[in-house]
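Step one of this worksheet: look at the structure below.
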Amino acid sequence: MTTDGPERVPDVVGARVDPPGSVAEALAVQERLRPLVDLVGPGPAEPATVAGLDVAYAESGDRLAAAVTVLDARTLAVVDSAVSVGRPAFDYVPGLFAFRELPALLDALDRLTVRPEVLVCDGHGLAHPRRFGLACHLGVVTGLPAIGVGKTPLLGAWAPPADRRGAWTPLRDGDEVVGRVLRTRDGVKPVFVSVGHRVSLDNATARVLALTPRYRLPETTRTADRLCRDALAAAAPG
DNA sequence: GCGACAG
DNA sequence: ATCTTGTCGC
């Protein structure tokens, strides 16, 4: 316990996922886990910490770096972070995107020393064909409240929200409201917010706005993005 | 049948 | 996701 390497606190999250062996298997996993999504819990209205997760890929596509940054929810200062370098765990298939990044993201979460109160994911939650996007998957597997923030839609119909920051319109899949199209900056392309796990859509919206005092994307996503890009570059010398 | 399709 | 030049605007 006094050897090499940084301190590591086990079980901050403690979740593990085995990659599916086929598309059919992946679909079955989603079917099995979908009922476990908590759509009720409004989640923490004033969390002390918020985590951002993101992944960067090598151009060869055979290597990736997952990063998680934990921010003080009030000051938006980074208070903890972790990365995990590895390989994509699944081919990219729209609707099955989570299986690609989940193992690396969970590994990064396990390396944290602070247990975040909310996860802000780079991808959709309920705004998914089977209502089980990456944010739902991460939420269910970790048990943590989770929010999905996508840069582009995966599905749904919507009307453009007013140009001012804070304006939003419902994102609908048929008769269901699966998320919100939220303007985080005046006159800038909106983002797509959806519930992941244990958070209401209202709280998710408020949280995203609190994380975007200056840029279109949440500070959580921005800090995680920078971290995984740097880690990827540092991990693979020519 | 055709196009669209988180990252 | 990643590649990729210039360009408009603060």
Side-chain angles (χ1 to χ4, degrees), chain A residues 17 19-20 23 26-27 29-30 33-34 37 52-68 83-106 108 119-141 146-158 163 165 171-174 176 178-182 184-197 201 204 208 213-218 220-222 224-233 235-236 238:
Chain A
V17 162
V23 165
L27 291 170
V29 170
Q30 291 188 331
L33 298 181
R34 177 173 56 182
V37 174
L53 305 91
D54 193 23
V55 173
Y57 294 82
E59 38 187 312
S60 50
D62 59 359
R63 208 164 48 83
L64 59 73
V68 52
V83 297
S84 176
V85 177
R87 293 181 143 294
F90 203 77
D91 288 329
Y92 173 67
V93 179
L96 300 178
F97 168 61
F99 295 100
R100 189 168 174 72
E101 305 187 339
L102 215 48
L105 287 171
L106 291 174
L119 303 180
V120 176
C121 310
D122 190 36
H124 302 289
L126 294 179
H128 174 280
R130 289 169 294 284
R131 307 294 179 264
F132 198 70
L134 173 65
C136 298
H137 208 141
L138 270 169
V140 165
V141 167
I147 297 169
V149 181
K151 296 180 284 295
T152 62
L154 174 57
L155 57 75
W158 72 95
D163 278 341
R165 160 177 158 83
L171 174 63
R172 292 193 174 84
D173 185 21
E176 284 184 76
V178 297
R180 282 177 186 169
V181 185
L182 177 65
T184 54
R185 303 299 305 160
D186 290 3
V188 173
K189 180 167 58 168
V191 298
F192 299 78
V193 179
S194 60
V195 167
H197 185 57
L201 187 51
V208 172
R214 177 152 187 208
Y215 298 103
R216 176 193 177 222
L217 298 179
T220 39
T221 300
R222 292 168 46 78
D225 178 77
R226 280 179 23 178
L227 181 56
C228 61
R229 288 195 194 210
D230 291 347
L232 189 62

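Numbered from 1 within each chain, the chains take letters A, B, ... in sequence-line order.
To the nearest angstrom, P of C:dG9 lies 19 Å from CZ of A:Arg185. Between the C1' atom of B:dA6 and the CG atom of A:Leu134 lies a distance of 8 Å, rounded to the nearest Å. Rounded to an integer number of Å, the gap from A:Leu154 CG to B:dA6 P is 6 Å. Atom CG of A:Leu126 is separated from atom C1' of B:dA6 by 14 Å (rounded to the nearest Å). If you take CG of A:Asp54 and P of B:dA6, they are 15 Å apart, rounded to a whole angstrom. Taking atom CG of residue A:Leu102 and atom P of nucleotide B:dA6, one finds them 18 Å apart after rounding to whole Å. Rounded to whole angstrom, the span from the CZ atom of A:Phe132 across to the P atom of B:dA6 amounts to 18 Å. Rounded to an integer number of Å, the gap from CD of A:Glu59 to P of C:dA1 is 15 Å.
Within 4.0 Å of A:Leu53, counting heavy atoms only, lies no atom of the nucleic acid at all. Residue-level contact check: A:Gly148 touches neither bases nor backbone, having no heavy atom under 4.0 Å from any strand. The residue A:Ala56 sits close only to the backbone: its heavy atoms come under 4.0 Å of sugar-phosphate atoms, none of a base. Residue contacts for A:Pro88: at a heavy-atom cut-off of 4.0 Å it reaches no nucleic acid atom on any strand shown. Contact annotation for A:Gly150: backbone-only contact, meaning every heavy-atom pair under 4.0 Å involves sugar-phosphate atoms and none involves a base.
Out of B:dG7, B:dC5, C:dT2, the shortest distance to the side chain of A:Arg100 is found at B:dG7. Residue A:Pro94 has its side chain nearest to B:dC5 when only B:dC5, B:dG7, C:dA1 are considered.
Distance check: A:His197 NE2 to A:Leu119 CG gives 10.0 Å after rounding to the nearest 0.5 Å.
Salt bridge annotation for A:Asp122-A:Lys151: present, with a cationic side-chain nitrogen under 4.0 angstrom from a carboxylate oxygen. Salt bridge A:Asp54/A:Arg229: absent, no basic N to carboxylate O contact under 4.0 Å.
For the side chain to side chain contact (heavy atoms under 4.5 Å, CB included) with A:Val55, the lone residue among A:Asp225, A:Leu105, A:Leu102 that qualifies is A:Leu105.
The phosphate of B:dC5 has neither OP1 nor OP2 within less than 4.0 Å of any side-chain N or O from A:Thr152. Note on A:Tyr92: a side-chain N or O is less than 4.0 Å away from OP1 or OP2 of B:dA6. Within the structure, a side-chain polar atom (N or O) of A:Lys151 is placed less than 4.0 Å from OP1 or OP2 of B:dG7.
Counting only heavy atoms from C-beta outward, the side chains of A:Trp158 and A:Pro190 never approach each other to under 4.5 Å.
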